[in-house]
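This structure is in structure tokens; I'll ask about it shortly.
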Amino acid sequence: MSSLPATSRAWHLVARPHGWPKTEDFALRETPLDAPAEGRILVKNLHFSVDPYMRGRMNDVKSYTPPFQLDQPMDGGAVGVVVASNAEGFAEGDHVLHGLGWRDYADVPAKHAKKVDPDVAPLSTYLGVLGMTGLTAYSGLLEVASFKEGDAVFVSGAAGAVGSQVGQIARLKGASRVIGSAGSDDKVKLLVEEYGFDAAFNYKNGSVAEQLKAAAPDGIDVYFDNVGGDHLEAAISRLNVHGRITVCGMIAQYNATEPPAAPRNLAMLIGKRLRMQGMLVMDHQDMAPQFIQETAGWVASGELKYRETFVEGIENGVDAFLGVLRGDNTGKMIVNPVK
């Protein structure tokens, strides 16, 4: 351990945010590092993930994942290199995917680490296009929304890590039309010119309902929801009979302190016989082998494109997370903790 640092830096949640998180709600603290105990490995994190769902974990409410504990290191997806091992099957130099992000070094139970190969794909992709966000897109469209060839698909938050993949998978699987919304003209251009969406619009440029109606004159069959609010209301209005909605996220409401005004048209679910279903990627792990095989092929052939936004330095981890909530990122937001 002489060549290893004596401490690790980790982000702690020190106050539960009310509305938008503030930098004072977090603290970067040093914690001592020891040689890994039996069955554990010490990992130097090369990349860690910051994701919208983490905002919910900052509230002290019972949910599908336990809330972050105050004055404890936060966690999340990370990929790194093993620098010390006291676990069978793991050696120094191995690259692993694990769940102890938000820190530069992680003492990880080996049973919670999975080896990944940097020769197959860049390590960062195991947090995004080939990781949890990719599987979310794949299972949310194909299984939860029961996508079928010829469906017209609308995706909100379409330039994000999940949304951009949903739209491209729909196109590759034979959608009749793929429409996306995003928060800047540059992102709209990216959706159409690089990701192959048939149409896209900037939701800041006018009414979502009117822009979606113009982009989908014949209606839509599937809505993949990352935003909620006015996007969900607009999609319900444009959905055809027997349309399906996958509710993956509602980023418009994550920092709200008042109940949302929309959607006000839920009664339309009845006449249109719509199906609206929430999803969590953890329920769809059985699709992972099929997802990896198919998606890795699309990435290798260039048929599926992805973007990543990197933020350098662990000290900028909270800024990167707040950037995700603001929509600063294009594609997956990733922090490289060690400069």
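Everything quoted here is computed from the prediction, not taken from an experiment. Numbering of residues begins at 1 and proceeds along the displayed sequence. Every heavy atom of this structure was used, including side-chain atoms; hydrogens, water molecules and symmetry mates were not.
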With side chain to side chain contact (heavy atoms under 4.5 Å, CB included) as the test, pick out the partner of Arg244 among Val144, Val222, Leu141, Ile220.
Val222
List the steps and the verdict of side chain to side chain contact (heavy atoms under 4.5 Å, CB included) for Glu303 and Leu172.
CA-CA 8 Å; Glu303 292 174 281; Leu172 289 164; 3.9 Å; yes
Between Arg57 (side chain) and Gln69 (backbone), is there a donor-acceptor pair under 3.5 Å?
no
Shortest non-hydrogen pair, Ala158 vs Gly180, comes out as CB-CA, 3.7 Å
side-chain hydrogen bond (donor to acceptor under 3.5 Å, both in side chains) between Asn265 and Ser237, intermediate numbers included
CA-CA 8 Å; Asn265 57 348; Ser237 290; 3.0 Å; yes
Take a 6.0 Å sphere around CD of Glu210 and say whether it holds more than 12 heavy atoms from other residues, nucleotides or ligands.
no
Show the nearest heavy-atom pair for residues Gly128 and Lys332, with the distance to one decimal.
CA-CD, 3.9 Å
What one should report as the nearest heavy-atom pair of Ile179 and Ala216 is CD1-CB, 3.4 Å
Flag, side chain of His98 to backbone of Leu100, donor-acceptor distance under 3.5 Å
yes
Which word best sums up how the rings of His47 and Phe310 line up, parallel for under 30°, tilted for 30 to 60°, or perpendicular for over 60°?
tilted
Measure the OG1-CG distance between Thr23 and Asp319 for me, rounded to the nearest 0.5 Å.
7.5 Å
Going through the distances and angles, do Thr31 and Arg103 end up as a side-chain hydrogen bond (donor to acceptor under 3.5 Å, both in side chains)?
CA-CA 10 Å; Thr31 54; Arg103 62 200 84 186; over 6 Å; no
Run the salt-bridge test on Arg177 and Asp198 with the 4.0 Å N-O cut-off and return the result as yes or no.
no
Salt bridge Lys148-Asp151, side-chain N to carboxylate O under 4.0 Å:
yes
Step by step, would you call Val96 with Val108 a side chain to side chain contact (heavy atoms under 4.5 Å, CB included)?
CA-CA 10 Å; Val96 294; Val108 181; over 6 Å; no
Verify same cluster id: Val335, Val116 (apolar side-chain graph, 4.5 Å)
no
Check His231 against Ser156 and note the closest heavy-atom contact, atom names and distance.
CD2-CB, 3.6 Å
Within the 4.5 Å heavy-atom criterion, are Arg171 and Tyr195 side-chain neighbours or not?
no
Quick check on Lys272: does its NZ atom have over 12 non-hydrogen neighbours (other residues, nucleotides or ligands) under 6.0 Å away?
yes
Indicate the ring-plane relationship of Trp102 and Phe26, choosing parallel, tilted or perpendicular according to the 30° and 60° boundaries.
parallel
Which atom names give the shortest non-hydrogen contact between Glu38 and Asn86, and what distance separates them?
N-ND2, 3.2 Å
For the side chain of Ser85 and the backbone of Phe90, is there at least one donor-acceptor N/O pair under 3.5 Å apart?
yes
Give the minimum heavy-atom separation between Gly101 and Ala78, together with the two atoms involved.
CA-CB, 3.7 Å
